[in-house]
Novice: 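Structure provided below as structure tokens; questions to follow.
Values below: every heavy atom of this structure, side chains too, minus hydrogens, waters and symmetry copies. We count ligands from 1, going down the list as the structure has it; atoms in each ligand are counted the same way.
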Amino acid sequence: MKLKTVDYKRDIFYLMNKYPGIVSKVETEMLLEYLFNCAKLDLYIRDFAVNETIEELYDSLVERRLSGEPGQYITGRAEFMGLDFIVTKDTLIPRPETEILVNEIINLPSGKKRRILDLCTGSGNIAISLAKLMPQAEITATDVSEAALKIAEKNAARHNARERIKFYKGNVFNALVFDKNPKFDIIVCNPPYIKEGDFPYLQKEVRQEPEIALNGGKDGLGFYRVIAKEAHRYLERCGSVLLEMGFGQRQAIEDVFSSYNIFETYRVIKDFSGIERAIWINLS
Ligand SMILES: C[S@@+](CC[C@H](N)C(=O)[O-])C[C@H]1O[C@@H](n2cnc3c(N)ncnc32)[C@H](O)[C@@H]1O
């Protein structure tokens, strides 16, 4: 009987363990899922033929990753709220901290049909997650970047939520000029909030993301000022603003809003690193 010889040098576990301590397990899985066009579980239960060409392709993906290209831009995919989103270099890569915003809104007492505006929608991750998780809500999403909006619309279609969300392009609230009734119970926003001066110190991966999605002006607070000035025109009576914020920005943001004497801070939420990450501000 002739025994079948198996080339253990080149099976999927060989690829998985080829760069120990250089590429994390999560990223290795992400690259291999992309390479084999399969789900994570398949990597462990299916038999994949790994030949020299496949190994070279994998090496080239690892090289791109090590040169600073985020895994999500290589694969064109990012996970947010358990959903799979298309991302490109025109969109910010959705962050786990931003899930706080969605969780805050979906955990509000149910029963009321809410109108929600997602300002600065990017890949549409917040708006689409809300549409999926709140079948009653009416959702509008805006962004100044046409390229990002196209991706957001694609993502909405992928998640069968295209009919649930109105998308508008424009500079902050100007995008709403074509909306017949631009009044909302909640304005949620993860605005660009990085200080211009901090750009040279960002991780090389972050520097690959669109500057327009990160740049919050000289002190990082430019968008909060616009929102504080304009939001009352777009909020229903007793409406609220829910904002993501950067490390150490909470007091400055509260000062910006309290200078209008029409808002009160309702709640500050910390992320899993203990950093104050989101703030509810109500029309008083
Ligand atoms: C920090 S990203 C947030 C993306 C997405 N909402 C998220 O949480 O992952 C900020 C977004 O603001 C958009 N943006 C930048 N300047 C803007 C402006 N003047 N008006 C509207 N949107 C703007 C960018 O295109 C980008 O998509």
Novice: Salt-bridged, Lys169 to Asp143, with N to O below 4.0 Å?
Specialist: no
Novice: Flag the pair Lys183 and Glu236 as a salt bridge only when some basic side-chain nitrogen lies within less than 4.0 angstrom of an acidic carboxylate oxygen.
Specialist: no
Novice: In terms of side-chain geometry, is the basic nitrogen of Arg158 or Asp84 positioned less than 4.0 Å from the acidic oxygen of its partner?
Specialist: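 The answer is yes: the pair qualifies as a salt bridge.
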Novice: Salt-bridge test for Glu209 and Lys89: reply yes if a basic N is under 4.0 Å from a carboxylate O, no otherwise.
Specialist: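 Looking at Lys89 together with Glu209, the answer is no, because their closest N to O distance does not fall below 4.0 Å.
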Novice: In plain terms, say whether Glu230 and Arg233 are close enough for a salt bridge, that is, a side-chain N and a carboxylate O under 4.0 Å apart.
Specialist: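 Looking at Arg233 together with Glu230, the answer is yes, because their closest N to O distance falls below 4.0 Å.
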Novice: Report all protein residues having a heavy-atom distance below 4.0 Å to some atom of ligand 1; order the list by chain, then number.
Specialist: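 The answer is Leu92, Pro94, Thr98, Cys120, Thr121, Gly122, Asn125, Ile126, Asp143, Val144, Ser145, Gly170, Asn171, Val172, Asn190, Pro191, Pro192, Ile212, Ala213, Phe223, counting any residue whose heavy atom sits under 4.0 Å from ligand 1.
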Novice: Run the salt-bridge test on Lys218 and Glu196 with the 4.0 Å N-O cut-off and return the result as yes or no.
Specialist: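 Judged by the 4.0 Å cut-off on N to carboxylate O distance, Lys218 and Glu196 do not form a salt bridge.
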